[in-house]
Amino acid sequence: MATNPSQPGALFLDAEALYRELVRGVQSLRRPDTRIVGVTSGGAWLAERLTQDLGLKEEPGVISSAMHRDDFARRGLSATAQTRLDFDVNGAHILMLDDVLYTGRTTRAAINELFDYGRPAAVVLAVLVDRGGRELPIQADYAAARMALPADQLLALARGADGRFSFQVERAV
């Protein structure tokens, strides 16, 4: 983390450097039979790239938290990718990836969606950034970075046309 030289006082996170840390960190969380699942959309991007970078044969799963969100009535169904799990969840060891862990509500919803498909043996969570502010007793097993942001700001992962990651800080609505 550093300030952005083009915008004095603005936060600059090197998402690519954090991704490299994530790759190193998940090595200790993986087992030979681990299945990788990414939470839409940032976590799914991470899962896709991680699978390629680790040379894994199995396609990563994608999990949508939309149907189990506690704010579904306000947000509705997102246009982002829907859940795709091309493997048996029952008894599987799942490595769930997400870009930012904040309140824990998205993670809870994603886990509920995962259990709609079966009962995994274990679920571990790895994130690029844990920004604190938890409202539920959920924590990452691995976080490439930990930082605090004001509650009125959102930290969003973006993926460029070249596949490179960056972060955007936005005002919460």
Side-chain angles (χ1 to χ4, degrees), residues 15-16 18-146 154-159 163 165 167:
E16 284 295 316
L18 292 180
Y19 172 74
R20 289 188 296 275
E21 285 300 316
L22 181 75
V23 171
R24 281 192 283 281
V26 300
Q27 297 294 358
S28 65
L29 300 176
R30 284 184 57 237
R31 300 168 29 137
D33 61 343
T34 295
R35 297 306 305 248
I36 296 175
V37 174
V39 178
T40 61
S41 58
W45 297 337
L46 293 169
E48 181 181 301
R49 187 160 155 198
L50 183 71
T51 298
Q52 288 177 331
D53 291 347
L54 294 178
L56 304 177
K57 295 177 182 140
E58 300 87 16
E59 287 291 313
V62 174
I63 195 101
S64 171
S65 64
M67 296 301 291
H68 292 281
R69 291 191 63 91
D70 55 14
D71 58 355
F72 181 82
R74 182 176 59 82
R75 292 173 59 130
L77 192 58
S78 170
T80 59
Q82 298 305 304
T83 297
R84 187 190 81 250
L85 300 170
D86 298 331
F87 59 90
D88 187 5
V89 170
N90 288 302
H93 290 266
I94 307 288
L95 170 59
M96 185 178 289
L97 297 173
D98 207 357
D99 52 354
V100 179
L101 176 58
Y102 181 33
T103 65
R105 292 177 182 277
T106 298
T107 303
R108 182 214 44 90
I111 291 170
N112 283 0
E113 176 78 358
L114 184 63
F115 271 78
D116 283 351
Y117 288 80
R119 186 177 188 274
V123 178
V124 295
L125 176 65
V127 299
L128 275 184
V129 176
D130 181 343
R131 62 171 285 185
R134 217 73 75 238
E135 296 173 359
L136 298 173
I138 290 174
Q139 69 180 12
D141 295 283
Y142 180 81
R146 297 180 194 284
L154 296 175
L155 183 62
L157 186 68
R159 180 174 65 170
F165 297 127
F167 277 110

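Everything numeric in this text was worked out from a predicted model, so none of it was measured. These values consider heavy atoms only, across backbone and side chains, with no hydrogens, waters or symmetry-generated copies.
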Nearest 0.5 Å please: distance from the CD atom of Glu16 over to the CD atom of Glu21.
12.5 Å

Under a 4.5 Å cut-off applied to non-hydrogen side-chain atoms, are Trp45 and Leu97 in contact?
no

So, the side chain of Arg134 versus the backbone of Tyr102: is there a donor-acceptor pair under 3.5 Å, distance only?
yes

Do you know the tightest heavy-atom contact between Gly91 and Ala121?
O-CB, 3.4 Å

Side chain to side chain contact (heavy atoms under 4.5 Å, CB included) assessment of Arg24 paired with Gln27
CA-CA 6 Å; Arg24 281 192 283 281; Gln27 297 294 358; 5.5 Å; no

Hey, are the side chains of Phe165 and Leu46 touching, using non-hydrogen atoms and a 4.5 Å cut-off?
yes

Please step through side chain to side chain contact (heavy atoms under 4.5 Å, CB included) for the pair Val39 and Met96, ending with a clear verdict.
CA-CA 7 Å; Val39 178; Met96 185 178 289; 3.7 Å; yes

Check whether any side-chain heavy atom of Phe87 sits under 4.5 Å from a side-chain heavy atom of Val37, and report yes or no.
yes

When rounded to the nearest 0.5 angstrom, what is the spacing between CD in Glu48 and CD in Glu59?
8.0 Å

Between atom CD1 of Ile63 and atom OG1 of Thr107, what is the distance when rounded to the nearest 0.5 Å?
11.5 Å

So how far is it from Glu135 CD to Arg108 CZ, rounded to the nearest 0.5 Å?
11.5 Å

Which pair of heavy atoms, one from His93 and one from Asp33, lies closest together, and at what distance?
CD2-OD2, 3.5 Å

Rounded to the nearest 0.5 Å, what separates atom CG in Leu29 from atom OG1 in Thr34?
8.5 Å

State, yes or no, whether a side-chain contact exists between Leu114 and Leu85 at a heavy-atom distance under 4.5 Å.
yes

Nearest heavy atoms of Gln139 and Leu125, plus distance in Å:
O-CD2, 4.0 Å

Main-chain N/O of Gly43 paired with Asp99 side-chain donor or acceptor, under 3.5 Å:
no

Verdict with supporting geometry, Val129 and Leu18, side chain to side chain contact (heavy atoms under 4.5 Å, CB included):
CA-CA 8 Å; Val129 176; Leu18 292 180; 3.8 Å; yes

Do Asp116 and Glu113 come close enough that some side-chain heavy atom pair is under 4.5 Å?
yes

All heavy atoms of Pro120 vs all of Phe115, minimum pair found to be CD-CZ, 3.6 Å

Hey, mind stepping through Glu58 and Arg35 against salt bridge (charged side-chain N to carboxylate O under 4.0 Å, His left out) and telling me if it holds?
CA-CA 8 Å; Glu58 300 87 16; Arg35 297 306 305 248; 5.0 Å; no

Between Arg49 (side chain only) and Asp53 (backbone N and O only), is there a donor and an acceptor less than 3.5 Å apart?
no

Exam field: side chain Arg84 to backbone Pro60, donor-acceptor pair closer than 3.5 Å:
yes

Do Val26 and Ile36 have side chains that approach each other closer than 4.5 Å (heavy atoms only, starting at C-beta)?
no

Check: Ser64 side chain, Thr83 main-chain N or O, donor-acceptor pair, under 3.5 Å:
no

For a 4.5 angstrom cut-off between non-hydrogen side-chain atoms, does Leu136 reach Arg105?
yes

Below 4.5 Å, heavy atoms only, C-beta onward: do Leu157 and Phe167 meet side chain to side chain?
yes

Can a donor-acceptor pair be found, under 3.5 Å and without considering hydrogens, that links the side chain of Asp141 to the backbone of Ala126?
no

What is the distance from atom CG of Asp130 to atom CG of Leu101, rounded to the nearest 0.5 Å?
4.5 Å

Is Tyr19 reaching over with its side chain to a backbone N or O of Leu50, donor-acceptor style, under 3.5 angstrom?
yes

Over all heavy atoms of both residues, which pair between Gly118 and Asn90 is shortest? Give the atoms and the distance, please.
CA-OD1, 3.4 Å

